[in-house]
J.: 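Here it is: the structure, laid out below.
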Amino acid sequence: MTILIALFIVGWLAASVIGTQAYFRGEQSKPIHDRNWRSQSFAKLAESITGTEIDYNQRVPAYQMDAYASNNLPN
């Protein structure tokens, strides 16, 4: 019974580590909203978890014009 519980715990930990890596690697490569473009807190967290820096040459803005961007237009 102890072996089964230990195996379950090890499997759960491995799945959570793999899931975290997949999430942050995916977030580092997909389009991003303008207001989050240079989020230093996300960049630090993602770099510490994945061990890779964000390549801003691969990332593109997600939305060219939306409610957030339209509020920033000059009058």
Side-chain angles (χ1 to χ4, degrees):
M1 185 67 172
T2 304
I3 294 173
L4 186 60
I5 292 172
L7 185 61
F8 177 76
I9 291 171
V10 168
W12 183 82
L13 288 173
S16 65
V17 167
I18 290 170
T20 302
Q21 286 281 326
Y23 171 77
F24 278 100
R25 288 185 186 270
E27 287 294 318
Q28 286 177 323
S29 62
K30 72 181 191 179
I32 186 170
H33 196 281
D34 285 340
R35 67 176 165 235
N36 299 327
W37 185 257
R38 298 282 183 184
S39 174
Q40 294 301 319
S41 59
F42 175 79
K44 287 180 185 177
L45 183 62
E47 185 176 347
S48 68
I49 290 175
T50 62
T52 58
E53 290 185 21
I54 297 174
D55 183 8
Y56 287 100
N57 293 324
Q58 291 181 345
R59 297 192 85 174
V60 295
Y63 309 105
Q64 297 300 322
M65 183 59 69
D66 62 357
Y68 176 78
S70 66
N71 285 337
N72 294 329
L73 292 174
N75 291 334

J.: Side chains of residues 5-19: which donor-acceptor partners sit under 3.5 Å, not counting sequence neighbours?
T.:
unit_1: S16; atom_1: OG; unit_2: W12; atom_2: O; d: 3.4
unit_1: S16; atom_1: OG; unit_2: L13; atom_2: O; d: 2.8

J.: Taking side chain to side chain donor-acceptor pair (under 3.5 Å) as the definition, give me every residue that meets it alongside Q21, ordered by chain and number, with sequence neighbours left out.
T.: R25
J.: Going by the rule side chain to side chain contact (heavy atoms under 4.5 Å, CB included), which residues pair with A22 if we only count those two or more places apart in sequence or in a different chain?
T.: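 Side chain to side chain contact (heavy atoms under 4.5 Å, CB included) check on A22 returns nothing, list empty.
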J.: Measure the CZ-OG1 distance between F24 and T50 for me, rounded to the nearest 0.5 Å.
T.: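 Here the rounded value is 8.5 Å.
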